[in-house]
Peer 1: 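After the structure tokens below, expect a handful of questions from me.
Chain A is the first sequence line, chain B the second, and so forth, proteins listed ahead of strands; every chain is numbered from 1.
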There are 2 protein chains.
Amino acid sequence: MARAPTTLDSFNAVAEPRRRQLLGLLSEGERPVNDIAESLGWNQPQVSKHLGVLLEVGLVKVRHAGRQRIYSLDAAPLKEIHQWTSTFERFWEHQLDRIKERAEARQALVRNRGNVPPGGAGES
Amino acid sequence: MARAPTTLDSFNAVAEPRRRQLLGLLSEGERPVNDIAESLGWNQPQVSKHLGVLLEVGLVKVRHAGRQRIYSLDAAPLKEIHQWTSTFERFWEHQLDRIKERAEARQALVRNRGNVPPGGAGES
DNA sequence: ATATAATATTCCCATATTGGAATATGTCAA
DNA sequence: TTGACATATTCCAATATGGGAATATTATAT
């Protein structure tokens, strides 16, 4: 089996740094393709291809204006990613606290027994 | 050029649903490989391979315990993803508000002119 | 109808993937 | 040392990628 297509979901679509860059640009406002190409310094087909992926997963919308296609951000699918990462928030939120706790535990040992366990901080 | 390797960053590592599942399991506590394989119903080499990717991007840690390797979650790298998606939070937070606003604008037009313009807001 | 501008699509290449099967490595016990 | 358990690695197939170059499509103006 191969890797899941980038058009499968927003997790895969957004794994590509250039597509994140593209979304960042569109967060400033809607834009036609050539504008984007010039702003980012990419060539036009590459822009169209990346926009195609983003379109398939619903991260952008298109509006036809004459011969231009105006692309705009539709960030809703990012909500799923945000929510998924949120379920792990507690693991990095209290990281510093836990480090502090360990340091304090070592301090207590120093005060009680007068020596420092391996890898620990010295006494005050 | 090919797609970026899954071991490049957490964005790529986490694009695979099975790896998200694995992280979810590890969020309940550290576990040896065979335990994971049994819990998820995967075969052992697959578990080792996915753990290898997660290890390379720093999403898990290993501890050797006899012939077992106990893997544990290290969610810190997910913070970057969380923060990136947060950048777009305002776009989905006020989405319902904006839909409501458009609906109200149409209602106002109906009251004023007695008809509804196609799909959008007309003159004031 | 024709030329031109704006965008999308196709073809190609080098590379990486996931899963399965088989095998290798490492660690303990007797 | 030998055997058994726990885990990692290798080899394979099918598939998908992203970039470049060339080309096709679509829409406008004359």
Peer 1: For the pair made of CZ in A/R63 and P in D/dT26, what is the distance, rounded to whole Å?
Peer 2: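 Those two atoms, CZ and P, are 20 Å apart.
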Peer 1: Does A/Y71 make a side-chain N or O approach to OP1 or OP2 of C/dA6 shorter than 4.0 Å?
Peer 2: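 Negative; the distance criterion is not met.
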Peer 1: For B/I36 and D/dA6, what is the distance between atoms CD1 and P respectively, to the nearest whole Å?
Peer 2: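 It is 14 Å, rounded to the nearest whole Å.
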Peer 1: Evaluate the side-chain proximity of A/W84 to B/L78: yes if any heavy-atom separation is below 4.5 Å, no if none is.
Peer 2: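 Heavy-atom side-chain distance check passes, below 4.5 Å.
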Peer 1: Measuring from the side chain of B/S48 (C-beta onward, heavy atoms only), which nucleotide among C/dG19, D/dT7, D/dA21 has the closest atom?
Peer 2: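 Given the options C/dG19, D/dT7, D/dA21, the side chain of B/S48 is closest to D/dT7.
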Peer 1: Rounded to the nearest angstrom, tell me the gap between atom CG in A/N43 and atom P in C/dA8.
Peer 2: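 Rounding to the nearest Å, CG of A/N43 and P of C/dA8 are 14 Å apart.
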Peer 1: Measuring from the side chain of A/P45 (C-beta onward, heavy atoms only), which nucleotide among D/dG18, D/dA8, C/dT9 has the closest atom?
Peer 2: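 Looking only at side-chain atoms, A/P45 lies closest to C/dT9.
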Peer 1: Would you say the side chains of B/Q83 and B/T87 form a donor-acceptor pair under 3.5 Å?
Peer 2: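 No, no side-chain donor-acceptor pair sits under 3.5 Å.
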Peer 1: For the side chain of A/R67, starting at C-beta, report the closest nucleotide among D/dG20, C/dA5, D/dG18.
Peer 2: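 For the A/R67 side chain, the nearest candidate turns out to be C/dA5.
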Peer 1: Is any N or O donor-acceptor pair between the side chain of B/Q44 and the base of D/dA6 shorter than 3.5 Å?
Peer 2: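 Such a pair does not exist between side chain and base.
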Peer 1: Relative to the 5' end of DNA chain D, which residue comes earlier, A/G66 or A/V53, by the nucleotide with the nearest heavy atom?
Peer 2: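 Result: A/V53.
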Peer 1: D/dT7 P sits how many Å from B/L51 CG, rounded?
Peer 2: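 Rounded to the whole Å, the gap is 10 Å.
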Peer 1: Which part of the nucleic acid, if any, lies within reach of A/P32 when heavy atoms closer than 4.0 Å are counted: base, sugar-phosphate only, or nothing?
Peer 2: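 Touches sugar-phosphate only.
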Peer 1: Assign A/H64 to base, sugar-phosphate, or nothing according to its heavy-atom contacts below 4.0 angstrom with the strands shown.
Peer 2: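 Nothing, no nucleic acid heavy atom in range.
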Peer 1: If only side-chain N and O atoms of B/N34 are considered, is one of them under 4.0 Å from the OP1 or OP2 phosphate oxygen of D/dC5?
Peer 2: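 Negative; the distance criterion is not met.
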Peer 1: Below 3.5 Å, can you tabulate the donor-acceptor pairs from side chains in residues 23-34 of chain B to any protein atom, sequence neighbours excluded?
Peer 2:
{"from": "B/S27", "atom 1": "OG", "to": "B/G24", "atom 2": "O", "distance (Å)": "2.6"}
{"from": "B/E30", "atom 1": "OE1", "to": "B/R63", "atom 2": "NH2", "distance (Å)": "3.4"}
{"from": "B/E30", "atom 1": "OE2", "to": "B/R63", "atom 2": "NH2", "distance (Å)": "2.6"}
{"from": "B/R31", "atom 1": "NH1", "to": "B/D35", "atom 2": "OD2", "distance (Å)": "3.2"}
{"from": "B/R31", "atom 1": "NH1", "to": "B/S39", "atom 2": "OG", "distance (Å)": "3.0"}

Peer 1: Please report, rounded to the nearest Å, how far the C1' atom of D/dA22 is from the CD atom of A/Q46.
Peer 2: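 Atom-to-atom, A/Q46 to D/dA22, this comes out as 13 Å.
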Peer 1: Roughly how many Å is it from CZ in B/R69 to C1' in C/dT25, rounded to a whole number?
Peer 2: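 Going from B/R69 (CZ) to C/dT25 (C1'), I get 9 Å.
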Peer 1: Short question: side chain of B/N12, backbone of A/A15 - any donor-acceptor pair under 3.5 Å?
Peer 2: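 The answer is yes, because a donor-acceptor pair under 3.5 Å joins these two groups.
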Peer 1: Starting at CZ of B/R3 and ending at C1' of D/dA16, how long is that distance when rounded to a whole Å?
Peer 2: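 Value for this atom pair: 7 Å.
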Peer 1: Tell me which of A/Q68 and A/N12 sits closer to the 5' end of DNA chain D, going by the nucleotide each one is nearest to.
Peer 2: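 Result: A/N12.
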Peer 1: What is the separation between atom NZ on B/K49 and atom C1' on D/dT7, rounded to the nearest whole Å?
Peer 2: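 Going from B/K49 (NZ) to D/dT7 (C1'), I get 13 Å.
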Peer 1: Report yes or no: do B/R18 and B/H50 form a side-chain donor-acceptor pair below 3.5 Å?
Peer 2: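 No donor-acceptor contact under 3.5 Å links the two side chains.
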